[in-house]
Amino acid sequence: MNKVKRWQDEAIDDSIEMLNDQIHASAYTISDGWIYYFDNGFVDNEIQKDRVGLYRAKEDGSDKEKIYSDFQEQSDDTNKYNELCKNIQLVGDYIYFVDYSVKGLGKVCRINKDGSDYQVISKYTASNYTINEDSNTIILCSW
């Protein structure tokens with residue numbers, strides 16, 4: 001993952017910090033100095049199953065912690081690990097995401113920021129979604 005620093009009269013070449021060694025993210029969001037991301041376990045053209053999960057780390061890559069890893073792999077090899085978790089968003093104390101594993105079946109799910117209390121919260125599958133905090137609703141885009 002590449003991190004683009006906030007612009008502060010620096011040359012463009014100095015504004016990018018490489019975090020590839022610390023963070024492998026196929027989906028992520030950033031909030032309050034933390035990166036919340038899904039690591040699909042794909043490293044050096046191999047799947048490392050023990051890496052697969054939702055993580056959080058400080059923006060500089062420090063304090064990395066796996067917070068959720070109960071993604072049950074698909075039987076279909078095309079989505080086996082690469083796309084188990086997409087569209088990560090933080091709202092309040094929750095991390096929302098689309099769980100494409102056998103457990104979530106492509107539905108919008110949520111967990112607490114510490115990784116506890118997994119809940120499937122949509123009745124239908126979703127390719128994308130938006131959360132309207134003012135009206136406390138989720139708008140789904142299905143296929």
Side-chain angles (χ1 to χ4, degrees), residues 1-8 10-74 76-122 124-143:
M1 167 179 265
N2 297 334
K3 177 186 169 194
V4 179
K5 296 180 185 176
R6 292 175 181 83
W7 183 257
Q8 296 176 347
E10 298 175 11
I12 291 175
D13 291 339
D14 295 334
S15 66
I16 297 176
E17 178 183 343
M18 303 299 285
L19 295 177
N20 290 339
D21 292 336
Q22 295 100 344
I23 296 177
H24 297 260
S26 59
Y28 70 94
T29 191
I30 299 173
S31 178
D32 295 326
W34 289 87
I35 303 168
Y36 294 84
Y37 66 97
F38 177 71
D39 185 333
N40 62 14
F42 191 73
V43 178
D44 298 327
N45 294 321
E46 293 183 9
I47 297 293
Q48 297 177 8
K49 290 182 182 182
D50 61 320
R51 290 181 63 117
V52 175
L54 270 171
Y55 290 77
R56 68 177 168 199
K58 289 189 178 177
E59 283 186 25
D60 65 1
S62 65
D63 293 338
K64 180 173 140 181
E65 173 187 16
K66 184 188 280 188
I67 57 174
Y68 183 79
S69 62
D70 193 19
F71 289 97
Q72 299 169 7
E73 67 188 71
Q74 295 283 354
D76 176 10
D77 283 343
T78 58
N79 289 331
K80 197 162 197 171
Y81 293 101
N82 194 38
E83 298 187 12
L84 289 178
C85 176
K86 293 286 185 184
N87 304 29
I88 300 170
Q89 295 184 34
L90 261 70
V91 177
D93 291 330
Y94 295 101
I95 303 167
Y96 291 82
F97 54 94
V98 179
D99 182 353
Y100 289 102
S101 74
V102 173
K103 188 173 184 177
L105 299 173
K107 297 178 180 164
V108 178
C109 301
R110 76 177 186 186
I111 57 175
N112 292 328
K113 284 185 180 179
D114 66 1
S116 64
D117 198 23
Y118 175 95
Q119 298 174 19
V120 176
I121 60 168
S122 66
Y124 303 102
T125 59
S127 58
N128 206 345
Y129 67 96
T130 300
I131 298 174
N132 183 329
E133 292 182 67
D134 295 333
S135 63
N136 199 27
T137 58
I138 295 178
I139 302 162
L140 303 174
C141 178
S142 296
W143 64 97

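Counting from 1, the numbers follow the sequence of the chain as shown.
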(request) Answer yes or no: does atom CG of N132 have more than 12 heavy-atom neighbours from other residues, nucleotides or ligands under 6.0 Å? (result) yes
(message) Measuring from atom NZ of K107 to atom CG of D99, what distance do you get when rounded to the nearest 0.5 angstrom?
(response) 10.5 Å
(request) May I ask you to check whether R56 and Y36 show a side-chain donor-acceptor distance below 3.5 Å? (result) no
(request) Kindly determine whether L84 and N40 satisfy side chain to side chain contact (heavy atoms under 4.5 Å, CB included), including the steps that lead there. (result) CA-CA 8 Å; L84 289 178; N40 62 14; over 6 Å; no
(request) Quick one: closest heavy-atom pair of K113 and I95, and the distance? (result) CA-CD1, 3.8 Å
(request) Look at the rings of Y68 and F97 and say which category their plane angle falls in: under 30° parallel, 30 to 60° tilted, over 60° perpendicular. (result) tilted
(request) Supply the atom-to-atom distance K66 NZ to D50 CG, rounded to the nearest 0.5 angstrom. (result) 6.0 Å
(message) Testing the basics here: between L90 and S31, what is the closest heavy-atom pair and its distance to 0.1 Å?
(response) CD2-CB, 3.7 Å
(request) Taking side chain to side chain contact (heavy atoms under 4.5 Å, CB included) as the test, write out the residues that go with D63, two or more places apart. (result) W34, K58
(request) Quick one: closest heavy-atom pair of N87 and A27, and the distance? (result) N-CB, 4.5 Å
(request) With rounding to the nearest 0.5 Å, note down the distance linking CG in D93 to CD1 in I111. (result) 12.5 Å
(message) Taking side-chain contact (heavy atoms from CB on, under 4.5 Å) as the criterion, tell me which of V108, I139, I121 meets it with Y129.
(response) V108
(request) On the 0 to 90° scale, with breaks at 30° and 60°, tag the Y37-Y55 ring pair as parallel, tilted or perpendicular. (result) parallel
(message) Contact between I138 and S122 at the side-chain level, heavy atoms closer than 4.5 Å - yes or no?
(response) no
(message) Show, in sequence, the C-alpha distance, side-chain angles and deciding distance for Y96 and I88, and conclude whether the side chain to side chain contact (heavy atoms under 4.5 Å, CB included) test is met.
(response) CA-CA 6 Å; Y96 291 82; I88 300 170; over 6 Å; no
(message) Please give me the minimum heavy-atom distance between L54 and C85, naming the atom from each residue.
(response) CD2-SG, 4.1 Å
(request) Keeping the roles fixed (side chain from D114, backbone from S116), state whether a donor-acceptor pair exists under 3.5 Å. (result) yes
(request) Could you check if a side-chain atom of I35 sits within less than 4.5 angstrom of a side-chain atom of E59, using non-hydrogen atoms only? (result) yes
